[in-house]
Amino acid sequence: MLTEKDFIATSYNSLEAANFEWSAPSNIALVKYWGKKEQESSIAGEKSEQIPANPSISFTLNHCKTITKLGVMKKLDSKDFTFELLFEGKPKEDFKPKIQKFFERIEVYCPFLKEYHFIIDTQNTFPHSSGIASSASGMAALAVNIMSLEKALNPTLSDDYFYAKASFLARLGSGSACRSIKGEVVVWGHHAEIAGSSDLFGVAFSEIHENFKNFQDTILLVDKGEKQVSSTLGHNLMHNHPFAEQRFAQAHENLSKIKEVLTSGDIAEFIKIVESEALTLHAMMMTSMPYFILMKPNTLAIINTLWKFRSENNIPVCFTLDAGANVHVLYPESTKEKVLQFIQNELVDYCQNGQYICDQIGTGAKSN
Ligand code: PMV
């Protein structure tokens, strides 16, 4: 089992200049990560950062992604991190502190970073202000580019190590980003029944039944505004939360159940777990102190309309939520035509400016 120490790059060459380009997708959790825990690192005297309080599992998406080019130039002095940041072709100063912090966090694992000047040129395939978190795809795309640099400095790295460390680095940028490296289904966080699962990086879960192949996710954009409560703050409110311990235990149980379901193809059971997880996530928000609500009236209207459609038509469609008001509508490919018709007829009016994004399960980061 890989520990933090194993991710410290120790032998590497040097290079003058290089260019890399990767795309990395967003992901949607089925069993949610909400809450972090304190843990000693395997590096003496260090604390591990971004360790999830419970394991989670997600579908990797396909169309919602970040495309990042990394230009690398060797520089003379290696005192500080130096980089330029372009977002959709234009300099973007307000993203820089997050990248600076990311570099500081990962420096111990990538000690070569200060020897280079970087040009990070990044864009999303989904609208910037759609309320879809771009931190997962963004951090994953940057992390995997940095691994391409490390691989150029040390060509002996194996593919397994490359992707495990890319996920490890992405986690340090934004927790759930570690689930955006490899598809189609990824587990992050140690779970007794998932071999190789780790708190430090995501691992692909590959025993997936035909029923879930090309599973669809249509994202209904209910509220495209900035989140009132950041996920960093929300995670912190799970400390001293009255239901935290039960919630963490429940996530372990739900992961055991969904593992069986994904393997056996039991969609009815899948729906129960996924919808309950979404509502539990929001219940945790509503019962923390201070409490908050991220759902909007239209979120609830969509849920109720979807439940009515499901029971009247016997079509296995369900919803999940992330930390916001938007609704992810999940359904098998075989029901696509009927569900899209239903969305057009009955749900579009609840979306801001009638907007929604059609996505489906994908296979993770790609080098362009
Ligand atoms: O990766 P973060 O810190 O933005 O947290 C993501 C939390 C949820 O999206 C609500 C759940 C999850 O597991 O993705």
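For ligands, and for the atoms within them, numbers begin at 1 and follow the listed sequence.
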F168: what forms a ring-ring contact (aromatic ring centres under 6.0 Å, His included) with it, not counting sequence neighbours? F7, Y109
Using 30° and 60° as the class boundaries, would you call the ring planes of Y116 and F112 parallel, tilted or perpendicular? perpendicular
Under 3.5 Å between some N or O of ligand 1 and some N or O of W34? no
Taking the six-membered ring of F201 as reference, does the NZ or CZ atom of K165 fall below 6.0 Å from its centre and within a 45° cone about the axis? no
Quick check on Q50 - does any of its heavy atoms sit under 4.0 Å from an atom of ligand 1? no
Between the side chains of T320 and E277, does any donor sit under 3.5 Å from an acceptor? no
Between Y33 and S58: side-chain donor-acceptor atoms closer than 3.5 Å: no
Examine N27 against ligand 1 and note whether any of their N/O atoms are separated by less than 3.5 Å. no
Select one of side chain, backbone, both or neither to describe which atoms of L281 lie under 4.0 Å from any atom of ligand 1, heavy atoms only. side chain
Geometry only, no angles: is S56 polar-contacting ligand 1 at N/O separations under 3.5 Å? no
Which of the atoms in ligand 1, numbered in the order shown and given with their element, are less than 4.0 Å from a heavy-atom of A323? 10 (C)
Under a 4.0 Å heavy-atom limit, does A29 contact ligand 1 with its side chain, its backbone, both, or neither? side chain
Quick one about Q100 and E104 (side-chain donor to acceptor, distance below 3.5 Å, no hydrogens or angles considered), yes or no? yes
Using a 4.0 Å cut-off to any heavy atom of G175, which atoms of ligand 1 qualify? 1 (O)
Go through ligand 1 atom by atom and flag the ones less than 4.0 Å from a non-hydrogen atom of H235. 2 (P), 3 (O), 5 (O)
N or O contact, S176 vs ligand 1, cut-off under 3.5 Å: yes
I'd like to check whether D322 has a polar contact with ligand 1, where a contact means an N/O of the residue lying under 3.5 Å from an N/O of the ligand. no
Atoms in ligand 1 with a heavy atom of S174 nearer than 4.0 Å: 1 (O)
Determine whether the side chains of Q360 and Q216 contain a donor N or O and an acceptor N or O closer than 3.5 Å. yes
Can a donor-acceptor pair be found between the side chains of T82 and K79 at a distance below 3.5 Å? no
